[in-house]
Amino acid sequence: MRERTNILQNLDWVTIVLFLSLVLVGWVSIYAAVYSESHTSIFDLDMNYGKQLIWILTSLFLAIVIVVIDAKFYTTFSMLIYLIVMVMLVAVVLFGKEIAGSRSWFQIGSFSLQPSEFAKFATALALAKYISSRDINFMKFTSRITAGAIMLFPSVLILLQPDTGSALVFAAFTLVLFREGMSGNLLFVGVIVVILFILALLFNKFILIGILVINAGLILYLYGNLRKKWFLVVGVLLLTSAYVFSVDYAFENVLEPHQKKRINVLLGIEKDIHGAGYNVHQSKIAIGSGGFSGKGFLKGTQTKFDFVPEQSTDFIFCTIGEEWGFIGSFVVIALFVGLMARLVILAERQRSAFSRIYGYGVAAILFFHFIVNIGMTIGLFPVIGIPLPFISYGGSSLWGFTILLFIFLKLDSVRLDLL
Amino acid sequence: MKRNFAERKYIIIILFVFTGLVFLIRLFYLQVFDTSYILSAESNVLRQNTIYPNRGLIYDRNDKLLVYDEAAYDLLVIPGQVKTLDTVEFCNLLNITDSIFTLRMNKARKYSRYKPSTFVAQITKEEFGFIEEKLYKFPGFFVQSRSLRKYPYPIAAHMLGYIGEVNNRDIEASSYYRMGDYIGKSGLERFYEKELRGQKGVDVVLVDVHNREMGSYRGGRFDTVAEQGKNLYLSLDAELQAFGEELMQNKIGSIVAIDPRTGGILAFITSPVYDPNLLVGRVRGENFANLNKDTLKPLLNRAIMGTYPPGSTFKMVNALVGLQESVLGEYTSYSCSGPASKPIRCTHNHITPLQLQEAIEQSCNPYFWNVYRSVITNSKYGSVKEAYTAWRNHVISLGFGGRFNTDIPFELSGNIPEAAYYDKVYQEGHWNALTIRSLAIGQGEILITPLQLANLAVVIANKGFYYPPHLVHAIGTKDNIIGRFNEKKQSTINARHFNVVQEAMLEVFEGDHGTARWAKLEGVQICGKTGTVQNPHGKDHSMFIAFAPKDNPQIAMTVIVENSGYGSTWAAPIASLMVEKYLNDTISRPHVVKRMVEGNLISRN
């Protein structure tokens, strides 16, 4: 083992600068989103931007604590941390404060805490711990099942709150599994399932099956070596046909009405700019009206006059798009892509499997939030209420992402010590 | 062997970058390529508040205010802001039924949840007092101030006209109007709409998602100021009008009085009349429907839309044409065989033979048959047709057979048939003076409106010319006189021919046998002529034309009382009283007034 050197020197400052940039963009955007003539000071603690400043300062404090703690703490106690957070998730369903039909929050005085935000780093730790342990062979089926269970368990607990958006986030770890050797075919099948689901909602099912039959015929014709296994092709065909027919049933009976509506609106089946489609419609107007260079700081009429709901939390990207235009949107997207790519590069330079897997976990979680959150504000994804990391208003969310990121930065800083 | 999947890092990085690129392309499309979102954002936050100017005021010739605007209120609703409310209390407050409430609420919701719709329009100041006190209980409802027409004197409803909400045709015809605006629907309100309405102003304000006003847009750079409507100054005499309406109560008919020196209308009465305040505000619809159902047709302006054969009043016209065509002289005399006369019998008892002045005074039918025959058979013209056409041209020049086209909407033109009409009915060459003999005494196909007949009185008073009768004297300020009404219209009859007619008309009042001698006014020389118009549907229409004083005419008029019998019984005394009221401003014969006012000639069947 090497001598431990200066912590600050070993931290990846590229990531820290990206992190600080996003946090700053967030703070300024929240100020713009909730700005009112009567509270103009950005430090006003009555307003969300004032509170966000407290969350930022405490997050920085948390970051320092995380960096100061011995890295072995995270590897050693990862399972324990996971268990504690899972207990919190159970507790919140039982004792949490009900807000808008969901029990997602602990209320302690005026302070509230959302445990699902902490489940992300805890699950990343647990997954890293499990997959990296020497006594398991990830190639084995049972190992994969166990890994899947670690992922799914918090997701199921969060669904009980219920908070569908946060629950879906854990699907992001599929990307980690992919990196660790999960068959690409599984991802391929997953993508096909989603595409067929959408097509089945949009088009006549018989036409769709007709196209599938033609495809099967083409495959058999073009790939001669598959002809011997024709029953396999026919089996897949039958399976997909059955799936296509069950889509309607699943859509009607499994999804909640508001979820169905959001999907219908996204697919253009339903136009409802006053109801389910209102958020997205107004959000697109906000972003679209920003133009190339934006309306200018605090000049956004859509945001200033509250046309976009949830604009300091889930729809914060609207404020950026409206006031800073395409240039501002470009900068934020570049910051995110840069951060995620940097995380992959950092993950790949780890000597320990634990650190690498955890690093991919961080990148995957950020990616999921990034694609879903921005995707929904520009009308490419259905409305799923999850925050934009580091930017959206919210203490739990900022704390959760800061912990998630800085544990990895800590692990990275001692990468030469860890094996 | 454990495979290292490190190469998959590229796939993952490519996935990240690819996602970023897709987002950027989408953002480029939304923000740079598609500019419609900029408009959407503006329409979201910009609201144009219309500032309605007051309509112009209307004054009579003595500066009496006839029409003004009074503050009124529209109750608007923004459905998205309406909380659960006590419907019963709310409906009682507004005096509407539960089903109307539901209906209007649904209509408003359908229009927009976030934009205001009119819920109840035109609430008067008095009603608003009650509503205002309780309005705080009903969030989502608010008022916008509008104005209502008010008529301090309940007179001249038809002439003034009324205003109502624009319909689709109005909106298509002019881009000035928006749904819910008001427009003059009839009378002066309609004709002078452009002058009276003024110019709407606009305040462009920013609103938030709850449609709350957040301030002026760009410091009011796009705001325009509302411009007050222009005032109208009428030639009408409100007191004379009110007096005439009183005299005409419980009678069907009309009075038109004109100042012969200007063509300005002094009184414009049609009966039955209604209170113009009835057709204002929320009660308009119901009242309009009731008036519209009334079998007496109170909405009909008989002064311009009632057409009658002119009867004996037309004898002066034939006399004038005869004199002008030199087929009649002042001393030409014809004999009359009374009821035995052919082809037209006489209904009056008088000396025979008689000369022109006596014939007018006595309204002798055979005399005017002879006059008319000599006009139509005038050897100066090659044919009956040509002679008839010459006669017709004289008649037209006196103001008959067409519209004056001044400022009176819905004026009818009456009918003085063209020769071609008789060619069609009797075939060319198969008609002569005898065929159309009814025209000699103002019966037959000819139709006139009371306004045209009043204008005849003007022409006789002026000895040969008139100014087109009109209602409005000046616009904006009292001295801004409308020039185009000052165009003198000369008739084809020479001034000298009018002397004998005037003398005869004077005798109608002054003569021992004058048909209106009972209606004589001491101290004023009134010239008049009775008419009794045969009415195939019931009792004859009583008709009278008059002007006074003879040597300096200041008022010329027509009185028509339907189904009242002889002209001398009702129409002549009414005309006499009108002259007295206008010239002397006092009434010396209250018993006559009483008899006229109390006379009820309406039989509702």
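Keep in mind that the numbers below use all heavy atoms, side chains included, and drop hydrogens, waters and symmetry copies. A, B, ... follow the sequence lines: proteins, then strands. Residue 1 opens every chain.
Considering only heavy-atom pairs separated by less than 4.5 Å from chain B, the leading option among A:Ala341, A:Gly290, A:Gly325 is A:Gly325.
A:Phe370 has its ring centre less than 6.0 Å from the ring centre of B:Phe23.
Taken to the nearest 0.5 Å, the CG atom of A:Leu339 stands 9.5 Å off from the CZ atom of B:Phe16. With rounding to the nearest 0.5 angstrom, the CG atom of B:Leu30 is 7.0 Å from the CD1 atom of A:Ile287. Rounding to the nearest 0.5 angstrom, the gap separating the CD1 atom in B:Ile12 from the CG atom in A:Leu343 is 12.0 Å. Atom CD of B:Gln31 sits about 9.5 Å away from atom CZ of A:Phe292, to the nearest 0.5 Å. Taking CG of A:Leu380 as the start and CZ of B:Arg26 as the end, the distance is 4.5 Å to the nearest 0.5 Å.
Other residues, nucleotides and ligands contribute only 12 or fewer heavy atoms inside 6.0 Å of the CD atom of B:Glu286. Atom CG of B:Asn95 is surrounded by 12 or fewer heavy atoms from other residues, nucleotides or ligands within 6.0 Å. The neighbour count for A:Phe297 CZ, taken as heavy atoms of other residues, nucleotides or ligands under 6.0 Å away, is above 12. In this structure, B:Phe28 places its CZ atom where only 12 or fewer heavy-atom neighbours from other residues, nucleotides or ligands lie under 6.0 Å away.
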Quiz item: So B:Thr19 and A:Val337, side-chain contact (heavy atoms from CB on, under 4.5 Å) or not? Walk me through it.
Solution: CA-CA 9 Å; B:Thr19 306; A:Val337 173; over 6 Å; no
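Side-chain contact check for A:Ile285 versus B:Ile38: every heavy-atom pair is 4.5 Å or farther apart. Counting heavy atoms from C-beta outward, A:Phe330 and B:Leu27 have side chains that stay 4.5 Å or more apart.
Counting only residues at least two apart or in different chains, side-chain hydrogen bond (donor to acceptor under 3.5 Å, both in side chains) contacts with residues 358-374 of chain A comprise A:Lys120-A:His369, A:Glu348-A:Tyr360.
With hydrogens and angles disregarded, no donor-acceptor distance shorter than 3.5 Å links the side chain of B:Arg8 to the backbone of A:Glu180.
Contact annotation for A:Ala286: neither backbone nor side-chain heavy atoms come within less than 4.5 Å of a heavy atom of chain B. With a 4.5 angstrom heavy-atom cutoff, B:Ile13 touches chain A only via side-chain atoms. Of the atoms belonging to B:Leu24, heavy atoms from both backbone and side chain fall under 4.5 Å from chain A. For A:Phe317, the part lying near chain B is the side chain, with the backbone staying farther off; criterion is any non-hydrogen pair under 4.5 Å.
Cation-pi geometry between A:Arg179 and B:Phe5 is not satisfied (NZ or CZ under 6.0 Å from the ring centre, within 45° of the ring normal).
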